[in-house]
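First the structure, in the form of structure tokens, and then the observations on it.
The structure presented is a predicted model; accordingly, all values stated were derived computationally and were not measured.
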Amino acid sequence: VDMKEAAAAYEAATQYFLNLARGVTAEVIDVHAENEWSARQCIHHMADSEAQSYARLRRLVAEPEGSIIQGYDENLWATAPQLGYETAPVENSIAVFAAVRAGSLDIIKRLQEADLEKAGVHSEAGHYTIAKWLEGYSKHPVDHGDQLIRAVKGQN
């Protein structure tokens, strides 16, 4: 794994999602494809998920091998009215997403290839390396960016 390429891919995914999220208009923010989240819900999910990601990376880097990496039920978070996935403005969630991704990118740029094998134990997925973290969170904004595109069109 070329760490410079990995960092560039992570940053490109961040920018892809930010460009889409910042471009969503009020007219389409709550439109959604059948059985999928709206743009508003995607944006709030990304803030929460990436905040978890930010903490997970730090645990993987700093804590002893085998430390627990806690999962969470994203669908429960999405339906908790207090979290505002269906009603809250998205500006703070966009800011959170941008900030935690930037903070994680700083760490990625300091990682050595050998660091990628350092692992914790994910409460849902089991053995969980920094490499697995990096792969997953380099794809995550692209997947949800694509979902956001489908949402504002109201198409699957």
Side-chain angles (χ1 to χ4, degrees), residues 1-26 28-30 32 36-63 67-78 80 82-125 128-152:
V1 174
D2 181 305
M3 293 309 298
K4 285 188 177 174
E5 286 179 18
Y10 183 90
E11 173 62 8
T14 301
Q15 291 309 313
Y16 177 72
F17 187 82
L18 280 175
N19 291 338
L20 291 167
R22 289 174 173 152
V24 174
T25 62
V28 295
I29 196 161
D30 293 311
H32 60 88
E36 289 204 21
W37 286 341
S38 67
R40 182 188 308 273
Q41 290 169 305
C42 280
I43 292 166
H44 290 311
H45 163 72
M46 289 302 288
D48 284 343
S49 177
E50 294 293 339
Q52 296 292 315
S53 162
Y54 175 90
R56 287 173 179 172
L57 178 59
R58 282 152 179 75
R59 292 190 76 138
L60 289 166
V61 166
E63 294 185 9
S67 291
I68 297 297
I69 305 299
Q70 184 63 47
Y72 73 104
D73 187 327
E74 66 184 34
N75 291 313
L76 287 178
W77 288 42
Q82 302 88 336
L83 297 184
Y85 276 48
E86 294 184 18
T87 58
V90 295
E91 290 75 16
N92 286 342
S93 286
I94 291 171
V96 166
F97 173 83
V100 296
R101 292 284 294 192
S104 292
L105 180 62
D106 289 342
I107 292 174
I108 293 165
K109 288 178 176 177
R110 291 190 289 269
L111 291 174
Q112 302 297 312
E113 194 170 344
D115 293 324
L116 295 177
E117 293 314 307
K118 192 158 187 224
V121 178
H122 192 287
S123 63
E124 297 166 348
Y128 190 73
T129 62
I130 292 175
K132 189 178 278 189
W133 177 95
L134 184 58
E135 179 183 355
Y137 287 107
S138 292
K139 292 178 183 172
H140 194 234
V142 175
D143 292 344
H144 283 291
D146 293 348
Q147 183 182 33
L148 193 150
I149 291 169
R150 290 191 307 273
V152 299

#### Entry: Residues forming a side-chain hydrogen bond (donor to acceptor under 3.5 Å, both in side chains) with T25, sequence neighbours excluded
E27
#### Entry: For E86, all residues meeting side-chain contact (heavy atoms from CB on, under 4.5 Å), sequence neighbours excluded
Q41
### Task
With sequence neighbours left out, write down each residue that passes salt bridge (Lys or Arg N to Asp or Glu O under 4.0 Å) with K109, or none if nothing qualifies.
none
### Message
I need the full list of side-chain hydrogen bond (donor to acceptor under 3.5 Å, both in side chains) pairs touching residues 129-139, with sequence neighbours left out, sorted by first then second residue.
### Response
S53-W133, R56-Y137, E135-K139
### I43 side chain reached by F97 side chain, heavy atoms, under 4.5 Å
no
#### Entry: Residue Q112 excluded, over 12 heavy atoms near CD under 6.0 Å
no
### Task
Identify the two heavy atoms, one from A7 and one from L105, that lie closest to each other, and give their separation to 0.1 Å.
O-CD1, 3.5 Å
### Query
Got a sec, which residues hit side-chain contact (heavy atoms from CB on, under 4.5 Å) with L20, two or more places apart in sequence or on another chain?
Y16, L148, I149
### Task
Identify, with sequence neighbours excluded, every residue that meets salt bridge (Lys or Arg N to Asp or Glu O under 4.0 Å) alongside R59.
E63
#### Entry: From I107, L60, I108, residue fulfilling side chain to side chain contact (heavy atoms under 4.5 Å, CB included) relative to I130
L60
### Spatial distance of atom CG (L111) from atom CG (D106) [nearest 0.5 Å]
11.0 Å
### Task
For the pair M3 and L116, evaluate side-chain contact (heavy atoms from CB on, under 4.5 Å) and give the outcome as yes or no after the intermediate values.
CA-CA 10 Å; M3 293 309 298; L116 295 177; 3.8 Å; yes
### Query
Minimum heavy-atom separation for R22 to A98, with atom names?
NH2-CB, 4.2 Å
### Query
Can S123 and Y72 be said to form a side-chain contact (heavy atoms from CB on, under 4.5 Å), step by step?
CA-CA 9 Å; S123 63; Y72 73 104; over 6 Å; no
### Query
Partners of E11 by side-chain hydrogen bond (donor to acceptor under 3.5 Å, both in side chains), sequence neighbours excluded?
Q15
### Query
Within the side chain of S67, is there an N or O that forms a donor-acceptor pair under 3.5 Å with the backbone of G120?
no
### Task
Taking salt bridge (Lys or Arg N to Asp or Glu O under 4.0 Å) as the test, write out the residues that go with D143, two or more places apart.
none
### Message
If you compare all heavy atoms of A6 against all heavy atoms of V1, which two are closest, and at what distance to 0.1 Å?
### Response
CB-CG1, 4.2 Å
### Task
Mind listing the closest non-hydrogen atom pair of S104 and Y10 along with its distance?
CB-OH, 3.3 Å
### Task
Among residues two or more places apart or on two chains, list those pairs meeting side-chain hydrogen bond (donor to acceptor under 3.5 Å, both in side chains) that have a residue in residues 87-98.
H44-S93
### Message
Holding to side-chain hydrogen bond (donor to acceptor under 3.5 Å, both in side chains), I want the full list of residues that pass it with H140, two or more places apart in sequence or in another chain.
### Response
H45, E50, H144
### Message
Under the rule for side-chain contact (heavy atoms from CB on, under 4.5 Å), what residues qualify as partners of A78, not counting sequence neighbours?
### Response
W37, Y85
### Message
Going by side-chain contact (heavy atoms from CB on, under 4.5 Å), name the residues that satisfy it together with A13, two or more places apart in sequence or in a different chain.
### Response
R101, P141, V142
### Query
With a 4.5 Å limit on heavy-atom distance, are the side chains of I29 and R40 in contact?
yes
### Message
Can you give me the closest heavy-atom contact between A51 and V100, atom names plus distance?
### Response
N-CG2, 3.9 Å
### Message
Quick one, V90 and V24 - any side-chain contact, counting heavy atoms below 4.5 Å?
### Response
no
